[in-house]
Amino acid sequence: MAIRIRHADENPHEASEINVTPFIDVMLVLLVIFMVTAPLTTVNVPVDLPSSTEKPTPRPDDPVFLTVKADHGLALGEDDISTDALPGALETATKGNRDERIFLRADRTVDYGTLMGVMDKLRAAGYLKVALVNLQGQEEGSEARTTALPDASRASATGDTP
């Protein structure tokens, strides 16, 4: 009678490695999909964009500033006005010249919809030349000088309306 003693190293071992083959297959399929769709999402219209070396036009001697305050109230120059009185006040401030540029300032807390509403009122009153005013050359929180962006050739960058 023979007795056989089993040693610990004779037991079948479980595979403790992670099988990464399905993961690699999925990644390769995704790579192929992205390689095929990426060129389709870009615009392939060759355009030679013009450049401009013109400096912005200087600010007029007596600019007309329209301010949208944080409480959504309006001020023309230093005087508070109502929305209904805006066309008449602009007529007086510009001496009837509808081609004069209106410099529009808004508090940073004013939402986009309110600003667009004011611009619509300007357009309805016949004032199509609007320049948006910003702070330039300073970090946020520090005092800076106010500059306007009136150059009509930069309408897309400055928000001027034609």
Side-chain angles (χ1 to χ4, degrees), residues 23-162:
F23 177 70
I24 292 172
D25 291 344
V26 169
M27 294 306 290
L28 288 174
V29 168
L30 287 174
L31 178 66
V32 169
I33 289 171
F34 289 136
M35 287 173 54
V36 169
T37 59
L40 300 176
T41 60
T42 60
V43 177
N44 266 344
V45 178
V47 176
D48 186 18
L49 295 175
S51 62
S52 174
T53 58
E54 285 293 314
K55 294 181 181 178
T57 56
R59 190 192 306 186
D61 293 333
D62 191 22
V64 178
F65 282 102
L66 179 63
T67 305
V68 182
K69 298 184 286 187
D71 63 353
H72 296 190
L74 296 177
L76 188 61
E78 300 291 325
D79 303 324
D80 290 341
I81 60 168
S82 68
T83 306
D84 298 333
L86 181 61
L90 284 172
E91 184 80 24
T92 304
T94 61
K95 298 174 185 72
N97 183 8
R98 299 215 188 286
D99 289 332
E100 187 168 344
R101 189 172 306 277
I102 307 299
F103 292 90
L104 182 61
R105 301 185 292 185
D107 190 271
R108 78 175 56 231
T109 60
V110 173
D111 60 305
Y112 184 71
T114 302
L115 186 63
M116 289 307 297
V118 171
M119 291 181 75
D120 285 343
K121 295 225 182 274
L122 287 171
R123 185 176 301 128
Y127 294 93
L128 301 178
K129 293 184 177 182
V130 178
L132 300 177
V133 179
N134 69 341
L135 295 178
Q136 186 175 8
Q138 297 289 327
E139 292 182 15
E140 226 176 281
S142 62
E143 287 191 27
R145 60 184 177 86
T146 302
T147 59
L149 304 171
D151 191 3
S153 66
R154 296 182 175 191
S156 62
T158 63
D160 286 352
T161 56

- Yes or no on side chain to side chain contact (heavy atoms under 4.5 Å, CB included) for Arg98 and Glu91, after CA distance, side-chain angles and deciding distance? CA-CA 8 Å; Arg98 299 215 188 286; Glu91 184 80 24; 3.1 Å; yes
Tested for side chain to side chain contact (heavy atoms under 4.5 Å, CB included) against Lys69, the lone hit among Val110, Thr109, Asp80 is Asp80
Student check: side-chain heavy atoms of Leu128 and Arg123 closer than 4.5 Å: yes
d(Leu86 CG, Leu122 CG) to nearest 0.5 Å is 5.5 Å
Are more than 12 heavy atoms, taken from residues, nucleotides or ligands other than Met116, located less than 6.0 Å from that residue's CE atom? yes
>> Measuring only between side-chain heavy atoms, which start at C-beta, is Leu74 closer than 4.5 Å to Thr67?
In response: no
Between Arg101 and Ala131, the two heavy atoms sitting closest are CD-CB, 3.6 Å
* Side-chain donor-acceptor pair present, Thr114, Asp111, cut-off under 3.5 Å -> yes
CG of Asp107 to CG of Asp71, rounded to nearest 0.5 Å, is 9.0 Å
- prompt: Step by step, would you call Leu66 with Val130 a side chain to side chain contact (heavy atoms under 4.5 Å, CB included)?
  reply: CA-CA 10 Å; Leu66 179 63; Val130 178; over 6 Å; no
>> Working note: Leu28 + Val32, criterion side chain to side chain contact (heavy atoms under 4.5 Å, CB included); need CA distance, chi angles, decisive distance, verdict.
In response: CA-CA 6 Å; Leu28 288 174; Val32 169; 5.7 Å; no
dist Asp84:CG -> Lys121:NZ (nearest 0.5 Å) comes out at 7.0 Å
* Asked: Around atom CG of Asp62, are there more than 12 heavy atoms of other residues, nucleotides or ligands at under 6.0 Å?
  -> no
Check: Could you walk me through whether Ile102 and Lys129 pass the side chain to side chain contact (heavy atoms under 4.5 Å, CB included) check?
Finding: CA-CA 6 Å; Ile102 307 299; Lys129 293 184 177 182; over 6 Å; no
When rounded to the nearest 0.5 Å, the distance separating CG of Leu104 from OH of Tyr127 is 14.5 Å
In terms of heavy-atom contacts, Ala93 and Leu76 come closest through CB-CD2, 3.9 Å
Distance col, row Met119:CE vs Leu132:CG, nearest 0.5 angstrom, shows 5.5 Å
